[in-house]
Amino acid sequence: MAAALGVLGVAGVLVLHWLVFFWVGTERTMGIVQRIFYVHVPSAWVTFLAFGITALCGAAYLWLRDERLDWAAQSAAEGGLVFGAIMLTSGPLWAAYAWGTPWTWEPRLTLTLLMWFVFVGYFLVRASAEDRQAGKRMAAVVGVLGALLIPLVHVSVLWFPSLHPQPVVLNVEEGPTLDGDMLITLMTGLLAFTLIFFSVFCLRYGLEHMRYQRALEMREQPRAT
């Protein structure tokens, strides 16, 4: 499963790059730098997806205490941090040209950065807790609280208009406002990045499962001898 998703994801990224460099038209106002959009937005989408999975699995873990839910939450959070770093890196590169500054403390950027640091805290809580199980529970709570920022990030540009552009795809009133070729390129990026995320997610979940099985075997060995 993970390998198949990975192959499809890599193929999707290759197609995305072809579309970005050889097919999609150049945006009239910002020019070629706008093509960062096709990496920045898919990274943001996967980040929110990953942190959403972390929150859902974390909440279920707090209720059911099933270790598999904790593995899923942790695996998703790791993917979210990686794609979040891509989002937070590609955004300033774009903003440096579009706004004349790589960063400004406007609402969406500030909330997004805060959310990313909350999920850094997710791993710090897990690692610092002396009681391993207590650490998992505290991390699950952090994951749930961190994911509450996702809808705030989305509506922040609507409630507090600033330098960050309005939604061009998830626009409730007008629908997608992108040109057709731009929308196709963006959708290709969303699909490719999502496939890569789930490929890494499956690999990471499988690793945690292997560690669990290995720990069980180690505990049973003294009884066998």
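Along the sequence shown, residues carry numbers from 1. Worth saying up front: this structure is predicted, and the values here are computed from it rather than measured.
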### Message
For L195 versus G9, what's the shortest heavy-atom pair and its separation?
### Response
CB-CA, 3.7 Å
### Task
Could you tell me the separation between the CZ atom of F83 and the CG atom of L88, rounded to the nearest 0.5 Å?
13.5 Å
### Message
Please check this pair: side chain of T54 against backbone of A77, looking for a donor-acceptor N/O pair closer than 3.5 Å.
### Response
yes
### Query
Taking all non-hydrogen atoms of both residues, which atom of A192 and which atom of V13 are closest, and how far apart?
CB-N, 3.6 Å
### Query
So do Y212 and L216 actually touch side chain to side chain, heavy atoms under 4.5 Å?
yes
## Note on the structure
Nearest heavy-atom contact between A76 and I53 is CB-CG2, 3.7 Å
### Message
Test of understanding: clusters of I, L, V, M, F, W, Y form through side-chain heavy atoms closer than 4.5 Å, transitively. Do V125 and V118 belong to the same one?
### Response
yes
### Message
If you define the side chain from C-beta out and look only at heavy atoms, does anything of L8 sit under 4.5 Å from F198?
### Response
no
### Query
Between atom NE2 of H209 and atom OG of S75, what is the distance when rounded to the nearest 0.5 Å?
12.5 Å
### Query
Do R137 and V141 come within less than 4.5 Å of each other through their side chains, counting heavy atoms only?
no
### Short N-O contact, R132 and D70, less than 4.0 angstrom
no
### Task
List the steps, then state whether side-chain contact (heavy atoms from CB on, under 4.5 Å) holds for Q74 with K136.
CA-CA 9 Å; Q74 181 183 1; K136 292 178 180 179; over 6 Å; no
#### Entry: Step-by-step side-chain contact (heavy atoms from CB on, under 4.5 Å) determination, F22 to H17
CA-CA 8 Å; F22 301 108; H17 279 75; over 6 Å; no
### Query
Is there side-chain contact between V153 and F48, with at least one heavy-atom pair below 4.5 Å?
yes
#### Entry: Working for side-chain contact (heavy atoms from CB on, under 4.5 Å), residues R211 and E208
CA-CA 5 Å; R211 285 178 175 173; E208 286 301 315; 3.1 Å; yes
#### Entry: Side chain to side chain, Q133 and E67, heavy atoms closer than 4.5 Å
yes
### Message
Between S199 (side chain only) and L5 (backbone N and O only), is there a donor and an acceptor less than 3.5 Å apart?
### Response
no
### Query
Are F37 and I184 connected, step by step, through hydrophobic side chains (Ile, Leu, Val, Met, Phe, Trp, Tyr) whose heavy atoms are closer than 4.5 Å?
yes
### Nearest non-hydrogen partners of L109 and T104, listed with the distance
CD1-O, 3.4 Å
### Message
Measuring from atom CD of Q34 to atom CH2 of W94, what distance do you get when rounded to the nearest 0.5 angstrom?
### Response
5.5 Å
### A147 versus A55, closest heavy-atom pair with distance
CB-CB, 3.3 Å
### Derivation and outcome, side-chain contact (heavy atoms from CB on, under 4.5 Å), residues W63 and L69
CA-CA 10 Å; W63 182 23; L69 293 166; over 6 Å; no
### Task
Please confirm whether the backbone N or O of V20 pairs with a side-chain atom of R35, one donor and one acceptor, at under 3.5 Å?
yes
### Any side-chain heavy-atom pair of T185 and M182 under 4.5 Å
no
### Summary
The reported gap from CZ in F117 to CG in L149 (rounded to nearest 0.5 angstrom) is 13.5 Å
### Message
Check for me, please, whether M87 and V155 land in the same ILVMFWY cluster - side-chain distances under 4.5 Å, paths through other members count.
### Response
yes
### Task
Locate the shortest heavy-atom distance separating G58 from A140; write the atom from each residue and the value.
O-CB, 3.6 Å
## Note on the structure
Here the gap from I32 atom CD1 to F21 atom CZ, rounded to the nearest 0.5 Å, amounts to 7.5 Å
### Query
Just by modelled atom types, is the D181 backbone N or O under 3.5 Å from a matching donor or acceptor in the D179 side chain?
no
### Query
Would a 4.5 Å heavy-atom cut-off, applied to side chains only, mark Y38 and T188 as touching?
no
### Query
Are I86 and L191 co-members of a hydrophobic cluster defined by side-chain heavy atoms under 4.5 Å apart?
yes
### Task
Drop me the distance from F201's CZ to M1's CE, to the nearest 0.5 angstrom.
11.0 Å
### Task
Give the C-alpha distance, both sets of side-chain angles, the deciding distance and a yes or no for side chain to side chain donor-acceptor pair (under 3.5 Å) between W45 and T194.
CA-CA 8 Å; W45 152 251; T194 302; 2.9 Å; yes
### Message
I want to check something: taking the side chain as every heavy atom from C-beta on, are V39 and S43 in contact at a cut-off of under 4.5 Å?
### Response
yes
### Query
When clusters are formed by joining ILVMFWY residues with side-chain heavy atoms under 4.5 Å apart, either directly or through shared neighbours, do V120 and W103 land in the same one?
yes
